[in-house]
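In what follows, a single structure is set out as structure tokens and then discussed.
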Amino acid sequence: MVQLYNLHPFGSQQVVPCKLEPERFCGGGRDALFVAAGCKVEAFTVAGQELCQPRCAFSTLGRVLRLAYSEAGDYLVAIEEKNKATFLRAYVNWRNKRTENSRVCIRMIGHNVDGPFSGAFRDQMYIVEMPLSEAPLCISCCPVKGDLLVGCTNKLVLFSLKYQIIDEEFSLLDFERSLVIHIDNITPVEISFCVGYVAVMSDLEVLILKLESGPKNGERVHHHPHKTNDQMRRTEEGISNEISQLESDFVICQKPLELLGEKSEQSGLSVTLESTGLADEKRKYSHFQHLLYRRFAPDISSYGLSDDIKLHSLQLLPIYQTGPLTSDGKNLSQEKELLSLFCFFSLPHVGYLYMVVKSVELMSVYQYPEKSQQAVLTPQFLHVITSNNLQCFTVRCSAAAAREEDPYMDTTLKACPPVSMDVCALRIQLFIGLKAICHFKNHIILLTKADPETIPERRTSPKRLLSRKDTGVKIKIPPVAEAGWNLYIVNTISPVQLYKEMIDYSNTYKTAKTQSCIHLLSEAHLLVRAALMDASQLEPGEKAELLEAFKESCGHLGDCYSRLDSQHSHLTLPYYKMSGLSMAEVLGRMDWTVEDGLQKYEKGLIFYINHSLYENLDEELSEELAAKVVQMFYVAEPKQVPHILCSPSMKNINPLTAMSYLRKLDTSGFSSILVTLTKAAVALKMGDLDMHRNEMKSHSEMKFVCGFILEPRLLIQQKKGQIVPTELALHLKETQPGLLVASVLGLQKNNKIGIEEADSFFKVLCAKDEDTTPQLLVDFWEAQIVACLPDVLLQELFFKLTSQYIWRLSKRQPPDTTPLRTSEDLINACSHYGLIFPWVHILISSDSSADKNYTEDLSKLQSLVCGPSFDIASIIPFLEPLSEDTIAGLSVHVLCRTRLKEYEQCIDILLERCPEAVIPYANHELKEENRTLWWKKLLPELCQRIKCGGEKYQLYLSSLKETLSIVAVELELKDFMNVLPEDGTAAFFLPYLLYCSRKKSLT
């Protein structure tokens, strides 16, 4: 049963001053109402709360059977009957109709207007006649494009809206018959058309199609040549013959059926497209998709198609996004982008609302308390009329559209009441003798007739065939005007006013029925959301009111969900976020009274506070509120107390209060490393260093690292987007830097902190600017390489470290603190730091003036270059600050050139700068394919330098002897003699020659 709230969505009402009893009526844009009676249409001005005034009137060709208005193109279209013939005519430029007798131009569709006659169409109303081969039964205008769809027996005809350009200042509205949709065996009673979506309704069936242009890959294209008239006639005659044989003996009833999406192709209805536009123009629609087919079954006990089971009120309702608004509230672009589309149709006792854009699904079912006659759907409400009541139901269109519009919906950031939420009736308003209804803007138009006598129903054969096919639709022609009728304009109240009434009404449910309170508050929220989505209908200044009401409704919903202990309690968080309330304001709305000595905190509030404290909000709670929060979590979730105390928002809590709750956790048996670390941090705030030291001695360093991983905010917090080290981190920097580095490394390894964030943390911690690198950060980089983190780019780390080592060596800048690891520690702990080559030690030891303060940086740099993972080419451009004039710089340059296999250049450098290192260098580097350099490079160079003499003569001579020993072993006697210098002393080389000649016999 639908829940009824006795609210007041309807405001003032007035009577339309019609002269004759209305037969058809419809809204005209934002400010007009059209009423057809007899052979005349009257237009009335409807503006706000002002009285409805006649605007103009014009004659029609005959009695108006159907009437529709299109805001796109600003035209009125009517199906008119005269002498049992029906006509389709569009009334254009009607706003220039001054008097009823003013001149009117009439033209056929597609007729070109010559220049001399264009002035007649510019300043007066004109009529466009659209001839059809079959009688039009129903019409629908696209609210976005202005195209006209006409329903005939077994087919729909689409007239595309177009303009004939007469000159630069004037274009003439026209139509083009562009498409025929053939639907066999169905007679449309009502149709609806919106941006390519077509809904067709017969007495018991509804079919929805989507017309598309341009075939898509892998998609079935439904387009077939239309059958000839003879083929169709023969088919119909065959069916009629078969039916006539069955009719005398059986009543044929088809079972109810609902088919969604592609399955609706199985409906049995044959649908084909026939393009009738100009051949040289691009076809607007070339194929279609089936979206929905639904068939209802009549009550077989009636033996006829009773009005009690006929469908009525087919409607497609679009919700679309418009362009951005200017300062005066007008749209920059008139083109509307369809966001979501809904389809409504109704039986006398139940209505159905479907969503049909991205997916086709049944959203809501409306059970009416009594038989309905007609219904109209708006983004906010469904208005239904019975014989004596105007009923107003809520709808879920805005809930569905919000999810289409915002990808963050239904997350911790945003929420919206569910589409599946039960609908309700806001009001059932008494109106005697209701006959018809329509809606436009914020007005409901009602036709009433108080005559109690009912019009005799059409007599039907007791054995009438119940099938889709019918011989035609008999449109009810209202009888001659009788006394007792009225046409009312009922103004709906503003969304903000109705919202306030719903909020007041919801207060009655706060203590008794929380779920009922949530339901009504959700309805109020959806009402405001729907109004905000239709910004084009808002008055100036109304949007600001609605936004304020929207935030307020989110706050009320947050309050309700905060009192829940159910699966929906998590919605407290997104609703409070959307409300714009601060955490302190939310806590201020809570009821802190204690009943029976026990304070109960529901899951919703705990969930909101917990998440808010985790999100590093730039909000600091007062000491009083912080104490209440700790008490709340100690009662509801004691395990969360250490986490809560680490939040920046709890900065103002009294340390004694915090320590008392932490000690309660200890005494209650809840002992953990996280409690210990939190007590150590609180002890620092209290200034009790002895307590801090005792806590930090109670566990191993590895356990403390695990504790910091569980709660990173013990070390690192954020304030206004900036990283701020905690007081505990500052203290550990001085007392336990190794624990601090290991803890930050653990955070990074567990994705609790990023690479750049960690670097910034150490720079802020050590009070260094962006251009200065503290030693603690270098220690952290070295620890990363040792840990071999998979997510760390190794070469980037190498670059950071080598750049820092080179900078210190070039600037002769010692570390600001003692490094945590020596080069030997790194070599032993990590394969990326290689053993330093022996010849490097000889090279370094030759410099007696080396500064011991820089030996660690130099050793680490040399070790990295000697390692297997280092990309030498990438560091060469950055070696320039490191001068080769010093032995330290020389060692690095020679190492890099050696890794690049520039051996000959390295031999020249070493012979010039450090001859004693040449032989160790050659022994280490000149192996395998490089051994030829012993006699091709090193031997000639040594002989040449010995000839020149000098202070290094003895060093060169000893190096030559070792070189000759190696070469004598490697070469045959003949080759050995060829590499010896021609002007050398024979006695000097004779021992090596003798050894070379004997080595074969010795082996």
Side-chain angles (χ1 to χ4, degrees), residues 20-26 34-42 57-70 75-92 94 100 103-111 125-141 147-160 173-191 193 200-203 226 229-230 232-233 236 240 274 276 436 455 458-459 469-481:
L20 298 175
E21 180 181 351
E23 297 174 357
R24 294 286 182 268
F25 54 89
C26 69
F34 296 102
V35 181
C39 295
K40 187 170 71 171
V41 174
E42 292 181 275
F58 48 89
S59 299
T60 60
L61 190 62
R63 185 181 294 274
V64 176
L65 304 182
R66 295 292 175 103
L67 193 65
Y69 169 80
S70 173
Y75 67 87
L76 184 72
V77 62
I79 298 178
E80 304 169 16
E81 182 186 49
K82 182 177 182 181
N83 298 329
K84 297 185 179 180
T86 53
F87 304 88
L88 181 64
R89 310 209 310 170
Y91 296 84
V92 186
W94 56 271
E100 187 173 350
R103 291 184 60 184
V104 176
C105 298
I106 302 177
R107 54 184 293 269
M108 294 292 290
I109 180 177
H111 176 70
M125 187 181 80
Y126 61 92
I127 301 171
V128 181
E129 293 195 344
M130 290 169 272
L132 292 166
S133 59
E134 296 186 25
L137 303 176
C138 44
I139 50 178
S140 176
C141 301
D147 298 340
L148 172 64
L149 188 67
V150 183
C152 305
T153 303
N154 293 330
K155 68 181 179 182
L156 308 175
V157 182
L158 178 62
F159 292 91
S160 297
L173 185 144
D174 198 3
F175 296 89
E176 179 193 0
R177 178 181 165 128
S178 58
L179 184 69
V180 178
I181 308 172
H182 297 277
I183 310 177
D184 293 347
N185 301 327
I186 191 168
T187 301
V189 175
E190 292 184 27
I191 58 175
F193 183 59
V200 189
M201 184 181 77
S202 64
D203 286 332
H226 179 52
N229 292 334
D230 290 340
M232 291 185 64
R233 186 166 58 253
E236 291 174 0
S240 299
E274 178 188 359
T276 57
I455 301 173
R458 181 176 54 195
R459 297 184 60 188
K469 183 171 174 61
D470 200 350
T471 55
V473 174
K474 298 181 181 179
I475 301 174
K476 272 192 177 182
I477 306 300
V480 180

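These values consider heavy atoms only, across backbone and side chains, with no hydrogens, waters or symmetry-generated copies.
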Hey, does the side chain of [X] reach the backbone of [Y] with a donor-acceptor pair shorter than 3.5 angstrom?
X      : Y      : value
Tyr91  : Ala78  : no
Thr86  : Glu80  : no
Arg107 : Val128 : no
Thr276 : Arg177 : yes

What's the spacing between [X] [atom1] and [Y] [atom2] if we round to 0.5 Å?
X      : Y      : atom1 : atom2 : result
Glu81  : Leu61  : CD    : CG    : 11.0 Å
Cys152 : Ile191 : SG    : CD1   : 8.5 Å
Leu132 : Lys155 : CG    : NZ    : 7.5 Å
Asn154 : Ile183 : CG    : CD1   : 9.0 Å
Met125 : Ile106 : CE    : CD1   : 8.5 Å
Ile186 : Asp203 : CD1   : CG    : 9.5 Å

Between [X] and [Y], is any pair of side-chain heavy atoms under 4.5 Å apart?
X      : Y     : answer
Val104 : Ser59 : no
Val150 : Val77 : no
Trp94  : Val41 : no

Sequence neighbours excluded, which residues qualify as side-chain hydrogen bond (donor to acceptor under 3.5 Å, both in side chains) partners of [X]?
X      : value
Glu129 : Arg89
Tyr75  : none
Ser160 : Ser178

What is the minimum heavy-atom distance between [X] and [Y], and which atoms define it?
X      : Y      : answer
Leu67  : Ala36  : CD2-CB, 4.2 Å
Leu88  : Pro136 : CB-CG, 4.5 Å
Leu137 : Pro188 : CD1-O, 3.8 Å
Phe175 : Ile109 : O-CG1, 3.0 Å
Leu148 : Cys141 : CD1-SG, 3.9 Å
Gly38  : Thr60  : O-OG1, 4.4 Å

With Phe159 via ring-ring contact (aromatic ring centres under 6.0 Å, His included) - residues at least two apart: none
Those residues that, when tested against Phe87, pass ring-ring contact (aromatic ring centres under 6.0 Å, His included) (two or more places apart): none
Residues which pass side chain to side chain contact (heavy atoms under 4.5 Å, CB included) with Ala57, listed by chain and number, not counting sequence neighbours: Lys40, Glu42, Glu100
Qualifying residues under side chain to side chain contact (heavy atoms under 4.5 Å, CB included), relative to Ala37, sequence neighbours excluded: Leu20
Test side-chain contact (heavy atoms from CB on, under 4.5 Å) applied to Leu158 and Phe193, step by step: CA-CA 10 Å; Leu158 178 62; Phe193 183 59; 3.7 Å; yes
